[in-house]
Amino acid sequence: MHSKSFSSVRTVKSGNSFSKNRGKSASQNSNRHKSSISKSKGSHVPFGSAPRKSASFGGARSNFGRGPKRFRGVKKATMDPNKFIKKAVPVAEVEEYVAKHKFSDFRLCQELKNNILAKGYETPTPIQDQAIPHALDGRDIIGIAATGTGKTAAFIIPLINKVFVGQNQKVLIITPTRELASQIDKELREFSREMRIRSVQCIGGARIGKQISDICQNPQFVIGTPGRLNDLIKRGKFRTGDIQSIVLDEVDRMLDMGFIDDIRTILSNLSQNRQSLFFSATISPRISLLIQSFMNSPVTVSVKTAVTSDNVEQDIVKVGFDKRKIDVLHEILIKPECEKVLIFGRTKRGVELLSKELNIRGFKTSSIHGDKPQNKRERALRQFKQNDLNVLCATDVAARGLDIDDVTHVINYDLPENYEDYVHRIGRTGRANKRGTALTFVS
Ligand code: AMP
């Protein structure tokens with residue numbers, strides 16, 4: 001049973017009053033000190049067999065883990081290291097959001113209400129509390145909300161209801177990453193148990209033939225990534241004319257990833273008479289343009305969590321000239337408190353090499369990046385979620401949207417491209433009001 005509690009600073013554009021997160025000033029009082037990495041020789045090794053040093057990375061010629069050389073040919077990000085140091089705000093300082101509704105108050109069919117209860121959801125999160133009534137009224141919605149705020153259920157619940165009570169209803173959900181599409185599909189299946197609702201995932205990296213045959217079965221929900229969806233449309237295998245509801249999840253991320261043309265093409269193929277639910281962590285001018293041309297008098301619901309990073313103790317790790325980056329990382333990972341660690345690297349190759357090296361050193365590690373086949377990406381994520389792995393090395397493909405329980409540490413082994421990416425990366429820890437730690441390697 002889920003028992004996550006959600007706190008938030010909320011604003012609805014209609015001008016409702018909102019509660020403030022009182023923790024801010026405390027958190028801004030950052031302790032600007034250099035991280036001290038304990039010399040943990042002989043300390044407890046929390047996972048895997050006893051770590052051993054790899055011969056291949058010990059030699060003087062190896063350039064792995066030596067900051068500057070690894071970036072040969074890749075533009076290196078530069079950012080003020082002080083941005084990565086911040087004390088966590090004690091959880092108790094963050095005010096609880098008081099929901100106006102209970103799930104039982106919503107005009108939902110009984111089957112769905114039972115499934116919501118079975119999933120352990122009792123009280124709607126702020127975005128659910130505010131968006132579900134509008135969605136049930138058939139309004140277009142712009143939801144300004146990050147992952148971790150419960151936004152999946154905010155759109156899935158009203159859409160399942162719509163499909164169940166209506167006739168020939170079809171929904172298209174577009175997400176930036178394959179993992180997010182799978183996550184949404186999983187949630188959809190849980191909420192629509194025994195309701196005869198079918199879904200298909202149309203994502204890149206998976207066999208298109210299977211997707212084509214599944215889509216021909218006329219599922220009510222199609223969940224996919226923009227490139228693959230467009231491919232299916234172009235091949236004439238996915239007819240979008242009868243889609244009555246569309247969700248664009250993480251719009252800002254999709255635009256960052258260069259999916260704007262795919263999205264425009266898909267949207268322009270849809271019927272005018274549809275309901276559109278767009279979710280984005282931010283609303284940039286580009287997103288505004290998209291919204292204006294593709295939405296119908298939308299209601300804006302803006303929900304900001306107590307900035308995710310408030311729950312996250314942030315610090316930097318400086319690698320001395322006499323040390324190798326990989327060895328410093330090793331020293332951190334063998335600390336007992338590093339129970340479940342997500343490590344971010346910049347390049348696919350770097351992430352793969354890092355994962356291999358950590359495996360050699362005895363850590364239970366895998367990787368997620370764009371060069372890895374989809375089934376292997378999914379397996380790595382599943383194993384990490386189930387705690388079969390304690391360390392996951394990833395590119396920014398895992399920075400957004402993924403909901404992984406109990407990540408104790410996010411380590412930025414390589415600097416993120418920009419501060420926004422940093423916030424998304426560290427948002428993988430300190431979720432659901434838990435404490436997390438983010439460590440950023442700086443040279
Ligand atoms: P999301 O932002 O949709 O990725 O959701 C973040 C996490 O919150 C997921 O683990 C959800 O299962 C959980 N969650 C969403 N809504 C609720 C709710 N009303 N009550 C309890 N947990 C929830």
Side-chain angles (χ1 to χ4, degrees), residues 1-8 10 96-106 108 112-133 135-136 141 143-161 173-193 221 223 247-253 277-282 301-308 311 340 342 381-382 384-387 398-407 423-425 427-434 436:
M1 298 277 270
H2 276 278
S3 58
K4 294 188 176 176
S5 70
F6 288 83
S7 50
S8 90
R10 68 193 171 93
E96 286 289 309
Y97 170 82
V98 182
K100 291 196 197 70
H101 307 92
K102 291 204 178 86
F103 280 110
S104 52
D105 300 335
F106 294 135
L108 299 170
L112 182 50
K113 282 189 177 168
N114 294 344
N115 287 341
I116 295 171
L117 263 182
K119 209 160 145 49
Y121 289 15
E122 284 165 16
T123 314
T125 67
I127 186 87
Q128 294 160 4
D129 195 34
Q130 295 168 56
I132 290 176
L136 288 172
I141 296 179
I144 306 174
T147 30
T149 56
K151 76 178 152 64
T152 314
F155 60 78
I156 280 289
I157 288 175
L159 290 175
I160 291 175
N161 197 70
I173 301 173
I174 310 183
T175 73
T177 64
R178 303 163 188 180
E179 282 76 13
L180 193 51
S182 304
Q183 199 169 285
I184 292 171
D185 193 24
K186 184 168 168 275
E187 203 143 334
L188 165 69
R189 284 165 195 241
E190 287 167 1
F191 279 122
S192 63
R193 203 155 275 159
F221 281 83
I223 307 169
V247 176
L248 293 190
D249 195 14
E250 308 248 350
V251 183
D252 49 343
R253 177 69 168 155
L277 311 175
F278 290 5
F279 288 84
S280 192
T282 49
V301 178
S302 172
V303 172
K304 293 212 161 57
T305 25
V307 187
T308 328
N311 291 346
K340 193 164 179 179
L342 185 54
L381 189 59
R382 195 171 52 244
F384 189 57
K385 282 186 173 179
Q386 293 169 349
N387 299 327
R400 292 221 193 182
L402 293 190
D403 180 39
I404 305 167
D405 283 341
D406 303 323
V407 173
V423 172
H424 282 288
R425 283 181 178 188
R428 299 310 104 206
T429 183
R431 289 168 79 77
N433 279 352
K434 289 189 183 136

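In each ligand, atom 1 is the first atom listed, and ligand 1 is the first ligand listed.
- Proximity of a side-chain donor or acceptor of T175 to a complementary backbone N or O of D249 within less than 3.5 Å is not detected.
- Below 3.5 Å of separation, one finds no N or O of E187 facing any N or O of ligand 1.
- S192 places a side-chain N or O within 3.5 Å of a backbone atom of L188 that can act as its donor or acceptor partner.
- In the vicinity of T149, heavy-atom distances shorter than 4.0 Å reach the ligand 1 atoms 2 (O).
- Between E122 and ligand 1, no N or O atom pair is found at a separation short of 3.5 Å.
- Remark: ligand 1 and D405 share no N or O pair separated by less than 3.5 Å (distance only, no angle test).
- Ring pair F191/Y121: centre-to-centre distance below 6.0 Å.
- Considering backbone and side-chain atoms together, F103 places no N or O closer than 3.5 Å to any N or O of ligand 1.
- Exactly one of I127, D129, T123 qualifies for a side chain to side chain contact (heavy atoms under 4.5 Å, CB included) with T125. That residue is I127.
- Atoms of ligand 1 lying under 4.0 Å from any heavy atom of T152, numbered from 1 in the order shown and given with element: 1 (P), 3 (O), 4 (O).
- Side-chain N or O atoms of N115 include one that pairs as donor or acceptor with a backbone N or O of R193 at under 3.5 Å.
- Counting the atoms of ligand 1 from 1 in the order shown, those under 4.0 Å from a heavy atom of T125 are 16 (N), 17 (C), 18 (C), 19 (N).
- Judged by the 6.0 Å distance and 45° axis criteria, K113 is not positioned over the aromatic ring of F106.
- When only interatomic distances are considered, the shortest N/O to N/O separation between K119 and ligand 1 does not fall below 3.5 Å.
- Counting atoms of ligand 1 from 1 in the listed order, those under 4.0 Å from a heavy atom of T123 are 18 (C), 19 (N), 20 (N).
- Between K151 and E250 there is a salt bridge, since a side-chain N of the basic residue sits under 4.0 Å from a carboxylate O of the acidic one.
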